[in-house]
Amino acid sequence: MVETIEKLVRAALAEAQSAGELPEFEVADLGLERPADSANGDWTSTVALRSAKVAHMAPRAIAEAIAAHLPEAPEIDRVEVAGPGFVNIYLSVAAGNEIFRTVREQGEDFGRSDLGAGQRVQVEYVSANPVGPLHIGHGRWAALGDSLARVLDHAGYEVEREYYVNDHGNQMNTFGNSVSARYLQLAQIMDEKGIDAHAAHEALIADWAAFVSDEADEHPESHPYMDAFRESLGADSYGGDYIIDLAAHFMEADGTRWVDADASERMISFRERGYKLMLEDIRQTCDDMRTSFDVWFSERSLYEKDASGTSAVDRAFARLREQGYLYEKDDALWFRSTDFGDDKDRVLVKADGAYTYFASDVAYHWNKYERVDHVIDVWGADHHGYIARVRAATDALGYEGKFEVLLGQLVNLLRNGQPVRMSKRKGTMVPLRELLDEVGADATRFTLVSKSSNQMIDFDIEAVKRQDNTNPVYYVQYAHARICSILRRAAGVTAEEAAELGMDEIASRACPIDCDLSVLIDPTETALARKLGEFGDLVESCARDRAPFRLTHYAQELAGSFHSFYTACQVLPSEGRPVDEAVSKARLAACDAARRVLALTLSLIGVSAPERM
RNA sequence: GCGGCAUUAGCUCAGCUGGAUAGAGCGUUUGACUACGAAUCAAAAGGUCAUAGGUUCGAAUCCUAUAUGCCGCACCA
C-alpha cells in the first residue's frame, strides 16, 4: 500500500509542476507516515513541509497544489490538506477491508518482509557460565534474544541462535573446588554425627539457611560450616545452596570414596560432572522459557589443537600479530585496542601465562564471522565496558560495522513491592526455573520483553503472577480465546472436535475466504482493519531497531481494537440481535484475521495463544 | 574523575526519520450484561515531557551544561 501511495503522490507532484503551479524541485523523501490520529487520514505526507524552503513557497500552498492533482484511484477515498501543510490521504473503506482477506490467505507468513534479504545474522544470548542456575536477569536476555531472533527471521534474515558456554576459565576451578569443599563437609558431618548422606545434606542446607538469615552476622554459631567453607576458599568460592545439592548428589552416587582421594582428581571429577549437570539444568530452563539454540559453543574448543598443532586462539593471535597489533610488556601479551578507539590496551596472555577471557573472545568472534555475516551479542548492562575491546578486536580482524551489542538493562526482582534480596556473597539467588514454576512462562516472557531494552525492569513476582485485568498478557490472550470461541460456535464445532480440527480449519468452515468484505462499514471495523495493516511496518521496525518490545504494545492495541469491534458489532445472529448473513460472514472473516495476527504477534515474543482460558 | 542507561499523568511505560490537540495500561470517578466469553466495553478527570540555555518554520525527540537514580571503569569471568 505504501508503494501505491508513494506513486500517487509523486504523480501529483509532477502534475502540479508541469501545470506550473509548483516550481521544479526534487524530493528524495515524501515523508509518508501513518498519522497517530486516524482523523488525520490513513496516510499523510509531509512533503510540503519538507520542500517549503527549496520551493520558496508556503507549505500550505504546496500541499494544496499536490492535493488538487492527486490522480483518481480505487484505493483512495479522498485527500485533504490540514494543519501547516499535511497532505492527508483517506483510503476507501473497501480497500482497507481487503487486509482481512490478505491476513487469512497469508496466515503465518503475514507481515513477512525481505528487509534482511537473507543476510546471515547470529544472535548470541544468555551465555551464562555453566557453574550455577539461570536467574531472572538471564531470563530477560532469553526473552529479548529469542524474541529478536524470531522477529529477524520474520523480517527476512537467516538467523542463527547461539549460546556461548564459558567452560574454560578460572570459574570452572572455583566451581569444582566449591563442590569439593562441600563434599568434604558432608563426609565430616556424617562421620561426626553418625548420620547418612541424606541427613547430612539437610544439616548443611540448614547451616546455609541460618547464614543467609543471619544478616548482621550476630549468630556465627548457627552456621559454622558456611563460615569454614568461606574461610577455606575465600572469594574463590560459590556459596549457593545448589553447590551443596551437587555435593550431596555425588555423595549419594559415589559414597565417601573421594574423601581420601587426590584433591586435584576429586576437584576435576566434581567439576566436570557438575558442569554437565549445570548445563543440563540451563538447557532445561531455556526450554521452559521456550527458547532453543542452534549452537552451544564451548569456549574450550577454542583451545583444542587441530591437525596442524594450532588452536583457534593461536590462529587469532597470529593474525593480529601479522598486522602488528600485538606487543609484549611486563611479561604479558597485549592487544593494541587503543588503535580502534578503546580506552586502553588489553591483555591477552597474563604474566603467569594464563589466557584472559578476552583472549577467548577474540578467537570466538573471529570464528563467528566464518559462519555468519553479522553478529548481535545480547549482554547485560554491567558488561557495557567490555564492548569497546571486542569491537576493537572485530575491527582489527576486518569485520568493521558487523559487530553489534544489544545491551539490556538489569532486572530488579520484587515481591509485593519489596526487593528480593539476591547476594553473590551470600549465595542467595532465585533461580529462573523456580520463577517459571511460580508465575508461568507466558507472563514471565511477556513482562520481560515488554520494555525497551535500555529501560530497567522491576519484576514483581506477585504482580506478574496476578491473573486479572492488571496483567496485560491475559488481556491479549483473552481476546484470542474469545475469537476462537466465536469461530467454534459459528462452525458448529465442539471444543473437543476443535482440538482435532485446528482453528484454521474451523475458521474456513465458519467463513469462506472469498466472502464479500465491503459490508464492513462500522468505525470499529475500519479501525480493526487499520490496526492489522500496521503489522508489516511493525515487524520491520522491531527488526531494524532491535526492539521486539513494540510487539507487546501492538498486541494490546490489536486486542483492544478487537474488543471494541466485538462490543459494537454483533457477529453471530442471536435472539434480539439479528445480523444479516452477509454481514455476519464478513465479520467472521474480520474475527479470523484478528485471531491470526494476535497469534502471530504472540508467537514472535514466544507467548502462547490459548484457544480457551 | 571517566563512560553507559534512565528521568514524560498518582503508578508502570510508549512516543520509530524533529511535525498536527504529547498517547496507552493500571489506579480514581461515572455509565453498560435476561444478548455471540464482562479476564470486556463506553466516557471523564489527570501533564511547566527533570532543570537551564541553544539549533529552526517547528523540539519530549537534536546540541551544551546542571541535577537525581542505576550500572560499569582488572594481567576476574
Side-chain angles (χ1 to χ4, degrees), chain A residues 29 31 33 35-37 39-40 44 46 49-50 52-53 58-59 82-86 88 129 131 166 168-172 174 235-236 299 329-334 343-344 346-352 354-358 360-361 380-388 407-410 412 450-458 460 463 467-472 474-475 477-479 481-486 489-490 524 537-538 540-542 544-545 547 549-550 552-553 556-557 559-560 562-577 579 584 587-588 591 612-613:
Chain A
D29 187 351
E33 299 167 11
D37 184 347
N40 292 323
T44 193
T46 55
L49 297 160
R50 288 158 185 268
K53 196 171 279 179
F86 293 100
N88 293 341
N129 292 350
V131 296
N166 303 129
H168 183 264
N170 295 335
Q171 83 283 353
M172 294 306 294
T174 299
D236 295 327
E299 184 183 1
K329 192 183 87 179
D330 301 334
D331 297 324
L333 181 67
W334 296 72
D343 294 337
K344 46 184 288 195
R346 304 293 171 175
V347 170
L348 292 169
V349 183
K350 296 184 267 182
D352 67 3
Y355 289 69
T356 61
Y357 180 74
F358 179 56
S360 301
D361 254 341
D382 51 342
H383 286 66
H384 164 259
Y386 199 71
I387 298 175
L407 222 50
Q409 295 296 318
L410 273 23
N412 296 315
S450 66
K451 283 191 194 183
S452 155
S453 59
N454 44 25
Q455 193 74 244
M456 266 190 332
I457 294 183
D458 284 337
D460 192 313
Q467 301 198 7
D468 58 23
N469 66 336
T470 62
N471 203 340
Y474 298 110
Y475 177 79
Q477 290 185 321
Y478 177 70
R482 206 180 198 187
I483 297 171
C484 291
S485 171
I486 296 166
R489 184 180 279 259
T524 60
D537 286 346
L538 175 79
E540 290 199 353
S541 115
C542 289
R544 193 182 53 242
D545 301 336
F549 77 91
R550 287 183 192 144
T552 63
H553 294 270
Q556 292 174 75
E557 290 163 12
F562 169 74
H563 284 310
S564 296
F565 151 73
Y566 176 85
T567 304
C569 302
Q570 185 75 12
V571 177
L572 301 175
S574 72
E575 205 176 335
R577 278 228 173 184
V579 183
S584 178
R587 285 178 178 165
L588 282 166
C591 285
R612 47 196 315 170
M613 296 170 67

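Throughout, a chain's letter reflects where its sequence line sits, starting with A, and its residues are numbered from 1.
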Just compare B:A14, B:G4, B:A77 and give me whichever is closest to any side-chain atom of A:Y357. B:A77
Would you classify A:G576 as touching base, sugar-phosphate or nothing, given that sugar-phosphate means primed atoms plus P, OP1 and OP2, and contacts are heavy atoms under 4.0 Å? nothing
Counter-base of B:U40, judged by Watson-Crick or G-U geometry with both distances under 3.5 Å: B:A32
Categorize A:R346 for me: base, sugar-phosphate, or nothing, with a 4.0 angstrom heavy-atom threshold over every strand shown. nothing
Under 5.5 Å between ring centres and under 30° between planes: true for A:Y566 and the base of B:C41? no
Under 4.0 Å between a side-chain N/O of A:N166 and OP1 or OP2 of B:A77, yes or no? no
Would you please classify the geometry between the A:Y386 ring and the A:F358 ring as parallel, tilted or perpendicular, with 30° and 60° separating the classes? perpendicular
Please pick, from B:A77, B:C71, B:A39, the nucleotide with the shortest atom-to-atom distance to any side-chain atom of A:L410. B:C71
Please work out if A:D330 contacts a base, only the sugar-phosphate, or nothing of the nucleic acid, heavy-atom cut-off 4.0 Å. base
Value in whole Å for how far the P atom of B:G72 lies from CG of A:D382: 6 Å
What is the nucleic acid contact for A:D468, judged by heavy atoms within less than 4.0 Å: base, sugar-phosphate only, or nothing? nothing
Measure the spacing between CG of A:L410 and CG of A:D458 and express it to the nearest 0.5 Å. 11.5 Å
Measure the distance from CG on A:D458 to P on B:C11 and round it to the nearest whole Å. 13 Å
Mind checking A:H168 for me? I need base, sugar-phosphate or nothing, with any heavy atom below 4.0 Å counting as a touch. nothing
Base, sugar-phosphate, or nothing for A:Y386, non-hydrogen atoms under 4.0 angstrom? base
P-based separation of B:G19 from B:G53 [nearest Å]: 23 Å
Would you kindly give the NE2-to-C1' distance between A:H383 and B:C5, to the nearest whole Å? 16 Å
Side-chain heavy atoms of A:L588 within contact of A:I486, under 4.5 Å: yes
Any base atoms under 4.0 Å from A:Q455, or only sugar-phosphate, or nothing? Heavy atoms, all strands. sugar-phosphate
Looking only at non-hydrogen atoms, find the nearest pair between A:K451 and A:M456 and report the distance. NZ-O, 3.6 Å
Nearest-Å distance, CD (A:E575) to C1' (B:C33)? 15 Å
Applying a 4.0 Å non-hydrogen cut-off, can you work out what A:S485 is touching in the nucleic acid: base, sugar-phosphate, or nothing? base
With sugar-phosphate meaning primed atoms plus P, OP1 and OP2, does A:R577 contact a base, only sugar-phosphate, or nothing at under 4.0 Å between heavy atoms? base
Whole-Å distance, A:M456 CE to B:G4 P, equals 18 Å
State whether A:N454 places a side-chain N or O below 4.0 Å from either non-bridging phosphate oxygen (OP1 or OP2) of B:A6. yes
Closest of B:A39, B:G4, B:A77 to the A:N129 side chain is B:A77
So, for A:H563 and A:R482, which heavy atoms are closest and what is the spacing to 0.1 Å? ND1-NH1, 2.8 Å
To the nearest Å, give me how far apart CG (A:L49) and P (B:C57) are. 13 Å
First locate atom CG of A:N454, then atom CZ of A:F549, and finally report the distance between them rounded to the nearest 0.5 Å. 8.0 Å
Between B:G15 and A:R550, is there an OP1 or OP2 to side-chain N/O distance shorter than 4.0 Å? yes
Would you mind classifying the nucleic acid contact of A:S541 as base, sugar-phosphate or nothing, using non-hydrogen atoms under 4.0 angstrom? base
When rounded to the nearest 0.5 angstrom, what is the spacing between CG in A:L348 and CG in A:L333? 5.0 Å
Name the nucleic acid region contacted by A:A481, choosing base, sugar-phosphate or nothing; use a 4.0 angstrom heavy-atom cut-off, strictly under. base
Among B:G72, B:G37, B:C5, which nucleotide sits nearest the side chain of A:R612? B:G37
For residues A:F86 and A:T46, determine if any side-chain heavy atom of one lies less than 4.5 Å from a side-chain heavy atom of the other. yes
Between protein and nucleotides 20-30 of chain B, map the contacts as a letter string: B base, S sugar-phosphate only, - none, heavy atoms under 4.0 Å, written 5' to 3'. B-----SS---
Any side-chain N or O of A:K344 less than 4.0 Å from the OP1 or OP2 oxygen of B:C73? no
Listed nucleotide nearest any side-chain atom of A:V347, set B:C75, B:G37, B:A14: B:C75
Determine the contact category for A:C569: base if any of its heavy atoms lies under 4.0 Å from a base atom, sugar-phosphate if only primed atoms, P, OP1 or OP2 are that close, otherwise nothing. base
How are the rings of A:Y566 and A:F562 set to each other: parallel, tilted or perpendicular (split at 30° and 60°)? tilted
Any side-chain N or O of A:R587 less than 4.0 Å from the OP1 or OP2 oxygen of B:C36? no
